[in-house]
Amino acid sequence: MNKAILLFVLLPLFTFGQAPETIWINPNSIQAKITANGNLFTVVPNGGFQVPVVPGSANTKTLFRGIFPWLGGYDPAENLMIAAAQLPWSFSDFRAGVAGQPGSGRILQVTKSDILAHLADYADNGVIDQPIDDIMDWPKPFLNYWGGGSQQSWLQVAPFYDYNGSGLYEPEAGEHPCPPIITWESYVPDEMLFFSYHDSIVHLHTASPHLGMQVFCTLFAFNCPEEPALDNTLFAYYKFYFTQLNKVTDLYFGFFIDFEIGNPNDDFVGTYNEYTCFAYNGDANDENGFGPNPPFAAITMIIPPTDTFGAGLGANCIPVYKGSPAGAVYPAADIEFQRYLIARFRDGTPLTPQGTGYNPGSGLLPLRSAFPGDLSNPAEWSEISAGNTPGDRRVVFASGPAMMRPFKTNEMMVAFHWSRDTTNFPQGSYDQLKRQADWMGINVTTSLAEIPDCLTRAVSAPEQKEEQIKIFPNPASEWLRIEAGRERLIHAKVIGITGAEWLSRTLENPAETSHTLLLPRLPVGLYMLILTKESGEVKGIPFVIGNL
């Protein structure tokens with residue numbers, strides 16, 4: 001078995017390790033605490049998603065008590081596998097880092113000033129003279145195997161700006177971390193974080209078998225007061241890598257979200273369109289919290305996970321009540337966790353559009369998300385129109401069902417955001433929140449219709465030295481063209497990823513500025529072109545055969 005497979009098969013199931021690394025960030029109007037095991041905004045007792053962060057302001061309160069990752073699906077024998085988290089960290093089903101790699105539980109942190117300094121350093125002389133640790137240490141893609149090496153591809157675990165299109169992260173060539181948004185790849189965030197976590201341990205929280213899921217998380221944010229959809233938002237991009245030899249089906253990706261709008265005991269929740277779940281105060285005054293006209297807090301699905309055909313999946317948002325009713329409180333058994341992920345309550349009762357949503361035997365048509373009605377329309381189902389009693393609101397926000405095969409990936413991006421109209425509650429804040437969700441849906445993942453002036457564009461791709469060697473096409477099939485510039489090349493060699501040599505050729509005229517290299521019939525995969533210069537210096541350039 002390949003070593004890359006063994007890395008994820010021989011898992012340290014019974015190790016608990018030390019407390020995960022934590023970090024506070026303040027990229028814009030938000031100050032938030034991040035934990036490397038996947039828990040977000042967890043500060044005991046009140047939570048760590050504090051707004052508004054304004055110098056000299058004494059009224060900074062939290063909007064979330066915590067965001068906790070949940071995953072659930074079935075193996076081929078129909079065994080349920082659940083991974084879920086809550087506090088304390090030691091009883092979470094997730095651990096920081098990459099399974100089987102001690103010391104991999106770091107949180108890497110890169111700021112806009114770091115990236116601009118890195119670009120300026122490279123532009124000066126084509127060399128990184130003053131390396132910035134977290135830019136240089138930003139994870140490089142690793143080779144992902146399946147079928148004992150018969151299929152192989154690069155797994156990009158942390159997003160970066162690939163200036164030269166090689167597919168490899170090369171910070172020494174001026175490349176740098178960059179948000180995973182195609183239309184925004186040339187704009188620099190004010191802050192980026194990267195960390196990873198996995199569930200390949202004994203599950204003390206759910207007592208369920210582990211899935212073997214490795215999760216790579218990138219957080220990023222923009223400081224942009226002119227555009228609240230950016231300035232009041234923290235983006236989180238997740239890449240899920242399934243490390244087991246069997247497939248998993250009916251898989252749901254989600255979070256347990258503990259809202260806390262200042263004072264947590266008088267809140268409501270709601271949903272907007274198919275992808276936004278939000279919380280707000282039950283009246284216009286948040287006593288012992290934000291005071292008059294308190295803000296809204298929301299999570300919006302920007303990029304949903306995909307099904308086996310590549311289509312985006314919808315989102316569920318279902319309340320988890322505190323205290324009562326018994327059939328709708330926090331789960332205990334693994335099947336109860338799964339029921340919440342699929343938009344049912346703890347006892348299996350479907351979510352239905354009446355009252356609190358928990359209506360056993362009502363016969364009403366089940367819904368995927370609770371309280372989708374407009375807050376100003378008494379004819380639509382919201383907590384206001386239902387006349388519910390405000391309280392401590394928690395929800396499960398999830399997306400599925402998906403299927404994942406061995407060593408395959410899925411991805412998801414969400415936005416945590418807030419809004420506040422200090423004069424018109426609740427409609428003003430509600431309208432702002434909907435506008436933010438709509439703006440992100442249009443401008444983040446599709447063509448960028450609006451480019452706020454506050455965004456900082458990265459310099460164009462670092463100027464390549466005239467003597468830099470280039471190759472094309474890449475991917476290749478039958479030949480490679482080598483553009484040597486002012487370099488004098490005397491020898492070319494092609495080796496596979498296993499080290500096998502496929503071609504060795506002396507280049508007859510080193511003075512030529514370009515060379516054509518005819519390739520033997522090569523299997524689809526990744527290769528390295530090894531070029532020897534007349535000076536004796538050796539340079540390796542990766543290239544691909546076929547479409548991995």
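Fair warning: this is a prediction, and the values are worked out from it, not measured in the lab. All residue numbers in this chain count up from 1 along the given sequence.
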Peer 1: Going by the salt bridge (Lys or Arg N to Asp or Glu O under 4.0 Å) test, which pairs reach into residues 319-334, not counting sequence neighbours?
Peer 2: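 Found K322-D392.
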
Peer 1: What residue among Y340, F253, F255 forms side-chain contact (heavy atoms from CB on, under 4.5 Å) with W70?
Peer 2: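 Only one of Y340, F253, F255 forms a side-chain contact (heavy atoms from CB on, under 4.5 Å) with W70, namely Y340.
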
Peer 1: Partners of C224 by disulfide bond (SG atoms under 2.5 Å apart), sequence neighbours excluded?
Peer 2: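 For C224 the disulfide bond (SG atoms under 2.5 Å apart) partners, ignoring immediate neighbours, are C454.
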
Peer 1: Would you call F397 and I67 a side-chain contact if the rule is heavy atoms closer than 4.5 Å?
Peer 2: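 F397 does not reach I67 side chain to side chain.
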
Peer 1: Residues in side chain to side chain contact (heavy atoms under 4.5 Å, CB included) with P27, at least two apart?
Peer 2: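 Scan of P27 (side chain to side chain contact (heavy atoms under 4.5 Å, CB included), adjacent residues dropped) gives I25, E191, A221.
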
Peer 1: Applying side chain to side chain contact (heavy atoms under 4.5 Å, CB included), name anything that partners A370, two or more places apart in sequence or on another chain.
Peer 2: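 Scan of A370 (side chain to side chain contact (heavy atoms under 4.5 Å, CB included), adjacent residues dropped) gives P319, L351, W381.
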
Peer 1: What pairs of residues pass the salt bridge (Lys or Arg N to Asp or Glu O under 4.0 Å) test when at least one of them lies in residues 421-432, not counting sequence neighbours?
Peer 2: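 Qualifying pairs, neighbours excluded: D431-K434.
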
Peer 1: Assess the pair H198 and Y241: is the distance between their ring centroids shorter than 6.0 Å?
Peer 2: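 No, the ring of H198 stays outside the 6.0 Å limit from the ring of Y241, centre to centre.
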
Peer 1: Does any pair with a residue in residues 292-401 pass disulfide (SG to SG under 2.5 Å), and if so which ones, sequence neighbours excluded?
Peer 2: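 Sorted pair list: C277-C317.
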
Peer 1: Enumerate the residue pairs fulfilling salt bridge (Lys or Arg N to Asp or Glu O under 4.0 Å) with a member in residues 107-116, sequence neighbours excluded, ordered by first and then second residue.
Peer 2: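 Found K112-D190.
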
Peer 1: Quick one: which residue pairs count as a salt bridge (Lys or Arg N to Asp or Glu O under 4.0 Å) with a foot in residues 279-291, not counting sequence neighbours?
Peer 2: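 Salt bridge (Lys or Arg N to Asp or Glu O under 4.0 Å) check on residues 279-291 returns no pairs.
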
Peer 1: Just jot down the side chain to side chain contact (heavy atoms under 4.5 Å, CB included) partners of A207, sequence neighbours excluded, or say none.
Peer 2: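 For A207 there are no side chain to side chain contact (heavy atoms under 4.5 Å, CB included) partners, ignoring immediate neighbours.
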
Peer 1: If I take atom CG from residue D93 and atom OG from residue S208, how far apart are they, to the nearest 0.5 angstrom?
Peer 2: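 Separation between the atoms: 7.5 Å.
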
Peer 1: Could you work out, with salt bridge (Lys or Arg N to Asp or Glu O under 4.0 Å) as the rule, every residue matching R106, not counting sequence neighbours?
Peer 2: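 Counting only residues at least two positions away or on another chain, R106 forms a salt bridge (Lys or Arg N to Asp or Glu O under 4.0 Å) with D134, D137.
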
Peer 1: Would R435 and E227 pass as an ion pair if we require N to O under 4.0 Å?
Peer 2: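 Counted as a salt bridge, because a side-chain N and a carboxylate O are separated by less than 4.0 Å.
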
Peer 1: Charged N to carboxylate O under 4.0 angstrom, D267 versus R393?
Peer 2: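 Here D267 does not pair with R393 in a salt bridge, since their nearest N and O are not under 4.0 Å apart.
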
Peer 1: Only pairs at least two apart or in different chains count here, so list each disulfide (SG to SG under 2.5 Å) that has a residue in residues 79-108.
Peer 2: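 Applying disulfide (SG to SG under 2.5 Å) to every pair that reaches into residues 79-108, excluding sequence neighbours, yields nothing.
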
Peer 1: Between F240 and F242, is the ring centre distance below 6.0 Å?
Peer 2: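 No, too far apart.
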
Peer 1: Return the CG to CD distance between D133 and Q109, rounded to the nearest 0.5 Å.
Peer 2: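 D133 atom CG to Q109 atom CD measures 12.5 Å (nearest 0.5 Å).
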
Peer 1: Restricting to side chain to side chain contact (heavy atoms under 4.5 Å, CB included), what partner residues turn up for V43, sequence neighbours left out?
Peer 2: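 In terms of side chain to side chain contact (heavy atoms under 4.5 Å, CB included), with neighbours along the sequence ignored, V43 is linked to W24, K33.
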
Peer 1: Using distance alone, with no hydrogens and no angle criterion, decide if S29 and W418 have a side-chain donor and acceptor under 3.5 Å apart.
Peer 2: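 Yes, a side-chain donor-acceptor pair sits under 3.5 Å.
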
Peer 1: Please check this pair: side chain of N359 against backbone of Q354, looking for a donor-acceptor N/O pair closer than 3.5 Å.
Peer 2: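 The answer is yes, because a donor-acceptor pair under 3.5 Å joins these two groups.
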
Peer 1: Could you measure the distance from the CG atom of L433 to the OG1 atom of T300? Nearest 0.5 Å is fine.
Peer 2: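 Those atoms lie 6.5 Å apart.
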
